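Shown next, in structure tokens, is the structure this report addresses.
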Amino acid sequence: MNFPMSGRPKGLVLCIRPAACCAAIAFVTCLASSPAYALSEIKREELPLPVTPSTDDDVSSPGGAIPMPDPVGTPPSTGQQPAAPDAAEPDSPSDGGTNRPRVDPETPLPEVVYDLGKLPEPVRRMHDLIIEACKSGDIEKLRPLIGKGDAMTQLSLADIDGDAIAFLKGLSGDPDGQEILAILEEVLSAGYVHVDAGTPQELYVWPYFFALPLDKLDAKQRVELFKIVTAGDFDDMKQFGAYIFYRVGITPAGQWSFFVAGD
């Protein structure tokens, strides 16, 4: 059956229109019941947090600006004027101790003496007692000779703590202190000098290198020196300008004044 070209199938159109309405209603209902976020909400989560306007321009208001820390190594500011530096303390005078190297090129060289018979009796007795203690190999035998209190023998250019014999053992290369005994005996076996005669600082000092310029030593004297120190030690001492190894001082009254090394 042929329909005329100018006519429309009205029944078919009426059927399609309700069906389309139903589909649209169903689609809207589905969107309303879906748990998914709205598009505006998703984009809001992806955006950065809003930037709070800076208050740096208003530094007059309390809390308006965060104070920056001081640079590294700079003391924190206290808002006060820095204290004036302490007045420099005057240099302390030299102790002038007679245990220091006593080389004065402007004065005549002291006589080097080997004869122990020329020593005053108290000096010779103390010398012999120290030698005897060294030969025994028992460092404890030095204890009564070292003494105590103000009369105690000086064993270091600085103060020492604790027991004197323990200190001497600590100087020795062996635990019993026998190396230091050997050094002490060798020093007292060398020639000696008599210094500061007639003064409160008068002393008899071993070895005589203590009071002689090292560059004035002759060949024989250098051999005697090398019994006590090495050639390397000798070079170091020449740079310093004086003998600075172990030396012993005994007063005219026979008191053992010092047994020290160093400058």
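Being a predicted model, the structure only gives us computed values, none of them experimental.
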Original post:
Atom CG of L109 and atom CG of L212: how far apart are they, to the nearest 0.5 Å?
Top reply: 5.0 Å
Original post:
About how many Å separate CD1 of I146 and CG of L168, when rounded to the nearest 0.5 Å?
Top reply: 5.0 Å
**OP:** Looking only at non-hydrogen atoms, find the nearest pair between I180 and S172 and report the distance.
**Re:** N-OG, 3.3 Å
**OP:** Identify the heavy atoms of R222 and L217 that sit nearest to each other, and give their distance.
**Re:** NH1-O, 2.7 Å
Subject >> Minimum side-chain heavy-atom gap Y243-I228 below 4.5 Å >> reply: yes
**OP:** Considering non-hydrogen atoms only, spot the tightest contact between G191 and W206 and give its length.
**Re:** O-CD1, 3.8 Å
Original post:
Got a second to check how far L203's CG is from Q255's CD, nearest 0.5 Å?
Top reply: 9.5 Å
Original post:
Does D236 have any side-chain hydrogen bond (donor to acceptor under 3.5 Å, both in side chains) partners at least two apart in sequence or in another chain, and if so, which?
Top reply: none
Original post:
Knowing that exactly one of F226, F240, F209 qualifies, which makes a ring pair (Phe, Tyr, Trp, His ring centres under 6.0 Å) with F234?
Top reply: F226
Subject >> Beyond-backbone contact of L119 with Y192, side-chain heavy atoms, under 4.5 angstrom >> reply: yes
Subject >> For F245, ring pair (Phe, Tyr, Trp, His ring centres under 6.0 Å) partners two or more places apart >> reply: none
Original post:
Sequence neighbours excluded, which residues qualify as side-chain hydrogen bond (donor to acceptor under 3.5 Å, both in side chains) partners of S189?
Top reply: none
Subject >> Minimal non-hydrogen separation, V113 against K118, with atom names >> reply: CG1-CD, 4.0 Å
Per-pair distances, 0.1 Å, donor-acceptor, side chain in residues 157-164, under 3.5 Å, sequence neighbours excluded:
residue	atom	partner	partner atom	Å
D163	OD1	R143	NH1	2.7
D163	OD1	R143	NH2	3.4
D163	OD2	R143	NH2	3.2
D163	OD2	I165	N	3.1
D163	OD2	A166	N	2.9

Subject >> Heavy-atom closest contact (R124 atom, L116 atom, distance) >> reply: CD-O, 3.6 Å
Original post:
Taking all atoms of both residues into account, what is the closest heavy-atom pair of Q221 and D218, and its distance?
Top reply: N-OD1, 2.7 Å
Original post:
Does a side-chain heavy-atom distance below 4.5 Å link L142 with W256?
Top reply: yes
Anything under 3.5 Å between a donor and an acceptor, one on a side chain of residues 127-138, the other on a protein residue two or more places apart or in another chain? List them.
residue	atom	partner	partner atom	Å
H127	NE2	L188	O	2.9
K135	NZ	E185	OE2	2.8
S136	OG	A133	O	2.6
S136	OG	D138	N	3.1
D138	OD1	E140	N	3.1

**OP:** List the steps and the verdict of side-chain contact (heavy atoms from CB on, under 4.5 Å) for H194 and E202.
**Re:** CA-CA 8 Å; H194 182 200; E202 183 176 2; 2.6 Å; yes
Original post:
With distance as the sole test, does E179 use its side chain to make a donor-acceptor pair with the main-chain N or O of G173 at under 3.5 Å?
Top reply: yes
Subject >> Qualifying residues under side-chain hydrogen bond (donor to acceptor under 3.5 Å, both in side chains), relative to E224, sequence neighbours excluded >> reply: Y114, Y208, K220
